[in-house]
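These notes concern the structure reproduced below.
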Amino acid sequence: LDAHQAGKAAGLFSLDLDAHYQRRFSLLGDIGPALESADELYLLFQPRVSLATGECLGAEALLRWQHPTLGEVSPNEFIPLIENTPMVKPLTQWVLHHVVQQAAAWHRAGKTLQISVNVSATNLEEEDFALRLLDLMARMGLPSTAIEVELTESAMISQGEVATTQLKALIAAGLRVAIDDFGTGYSSLAYLHEIPAHTVKIDRSFITELGEDARTETLVNSMISMAHDLGYRVVAEGIENDTSYRRLMELGCDEAQGYFIAKPLLPTAFETWLQNRAI
Ligand code: C2E
Ligand code: MG
Ligand code: MG
Ligand code: MG
């Protein structure tokens with residue numbers, strides 16, 4: 001590498017770095033306006049079905065951001081950025097408001113569905129988190145059992161006292177709590193019995209390898225039995241084919257979610273999917 005080439009490489013590198021920070025900076029600055037805009041943020045709903053009966057029991061609400069200049073931005077990119085800023089509070093408030101509103105509309109239409117909503121660890125640090133969610137549900141006439149709160153394993157482990165109080169208040173009111181991305185944290189099974197929750201959602205990374213890797217299958221089998229023995233319901237996420245669907249059925253997993261069943265859908269598409277499935 002001569003001096004000229006090295007200089008060029010360094011320049012390119014810093015350009016890339018600049019672009020990276022520029023993008024993060026934009027996303028952080030633009031989330032506020034997105035919350036005010038009528039059409040940048042929206043929710044998709046991915047069905048969750050019973051492996052025993054095939055019946056649709058509910059759906060997970062997944063946030064989408066159609067950014068005015070950057071296009072569709074994945075929640076895997078913008079949620080971790082915002083989670084560490086005060087904007088996480090109004091963002092989650094936006095999500096909860098829209099989820100409860102949609103769930104209440106389906107409830108009025110006579111559909112018995114349990115809608116899961118993802119919540120950040122930092123949200124549980126808010127002293128009034130449970131109170132605000134319960135108030136929102138009461139105002140919209142939604143029974144407490146119609147909402148399930150999803151938190152990642154690491155989020156639950158790192159919790160302080162405020163967070164535990166919030167979770168317990170939600171559970172006391174009748175909401176369900178799920179441990180998301182189970183198996184990816186450090187804690188895993190050892191801490192499971194200490195977490196106030198009803199459901200364990202086995203992470204997609206394990207489900208993808210079902211039927212391909214015997215060791216993964218052993219692991220999934222133990223996760224399901226252990227979770228059941230501790231009284232949890234088990235959901236498998238990221239089911240992409242018939243093989244893993246059948247295998248999970250045989251292993252006694254309770255519920256399934258994944259592209260094999262349905263992709264995350266707009267509310268109207270979800271309703272159509274539900275209707276076609278019932279016939
Ligand atoms: P998650 O909560 O674990 O959600 C499941 C993710 O897996 C979703 O990605 C979903 O679209 C995807 N998925 C479902 N089935 C399949 C499958 O069969 N194959 C594959 N390859 N993927 C599948 P998505 O929607 O991109 O969301 C990513 C993550 O962003 C979520 O992971 C969650 O941690 C976070 N997130 C999404 N919406 C919200 C929100 O409203 N609030 C918060 N705090 N986090 C959210
Ligand atoms: Mg989730
Ligand atoms: Mg997950
Ligand atoms: Mg995740």
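Each ligand, and each atom within it, is numbered from 1 in the order the structure gives. Positions are given from 1 along the sequence.
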Query raised in the report: Given N118, T152, I207, L91, which one has a non-hydrogen atom that is nearest to atom 39 (C) of ligand 1?
Result: N118

Query raised in the report: Under 4.0 angstrom from ligand 1, any heavy atom of K201?
Result: no

Query - Side-chain (T216) to main-chain (E212) donor-acceptor, under 3.5 angstrom - result: no

Query raised in the report: Hey, looking at atom 4 (O) of ligand 1, which of L43, L62, T184 has the closest heavy atom?
Result: L62

Requested in this report: Indicate if the distance from the Mg ion (ligand 2) to the nearest N, O or S atom of S116 falls below 2.8 Å.
Outcome: no

Report summary line: Judged by heavy atoms only, the candidate from D181, V119, I82 nearest atom 3 (O) of ligand 1 is D181

Query - Within-shell test, R64 vs ligand 1, heavy atom, strictly < 4.0 Å - result: yes

Query raised in the report: Quick one: which of G238, A61, P75 has a heavy atom closest to atom 35 (C) of ligand 1?
Result: P75

Identify each donor-acceptor pair in which a side-chain atom of residues 82-94 lies under 3.5 Å from a protein atom, sequence neighbours left out, and give them as a table.
residue	atom	partner	partner atom	Å
E83	OE2	S120	OG	2.9
N84	ND2	P80	O	3.2
T85	OG1	I82	O	2.9
T85	OG1	M87	N	3.1
T92	OG1	V88	O	2.9
T92	OG1	N123	OD1	2.8
T92	OG1	N123	ND2	3.1
Q93	OE1	R132	NH1	2.4

Report task. Starting from the Mg ion (ligand 2), look over the N/O/S atoms of D180 and name the nearest one. Result -> OD2

Report task. Measure the spacing between CH2 of W273 and CG of L266 and express it to the nearest 0.5 Å. Result -> 15.0 Å

Result block: side-chain N/O donor-acceptor pairs under 3.5 angstrom for residues 24-33, not counting sequence neighbours:
residue	atom	partner	partner atom	Å
S26	OG	Q22	O	2.9
D30	OD2	H67	NE2	2.7

Query - Of the N, O or S atoms in E150, the one nearest the Mg ion (ligand 2) - result: OE1

Query raised in the report: Could an N or O of ligand 1 be found under 3.5 Å from any N or O of Q46, whether backbone or side chain?
Result: yes

Report task. Check whether more than 12 heavy atoms from other residues, nucleotides or ligands sit under 6.0 Å from atom NZ of K111, and answer yes or no. Result -> yes

Query raised in the report: According to the interplanar angle, ranging from 0 to 90°, do the rings of W106 and F45 count as parallel (below 30°), tilted (30 to 60°) or perpendicular (above 60°)?
Result: perpendicular

Report summary line: ligand 1 atoms nearer than 4.0 angstrom to some heavy atom of S120 are 44 (N)

Report summary line: ang(OE1 E237, the Mg ion (ligand 3), OD1 D181) rounded to 10° is 150°

**Report entry** Which N, O or S atom of E60 lies nearest to the Mg ion (ligand 2), by name
**Finding:** OE2

Requested in this report: Taking S144 for its side chain and A173 for its backbone only, find out whether a donor-acceptor pair lies under 3.5 Å.
Outcome: yes

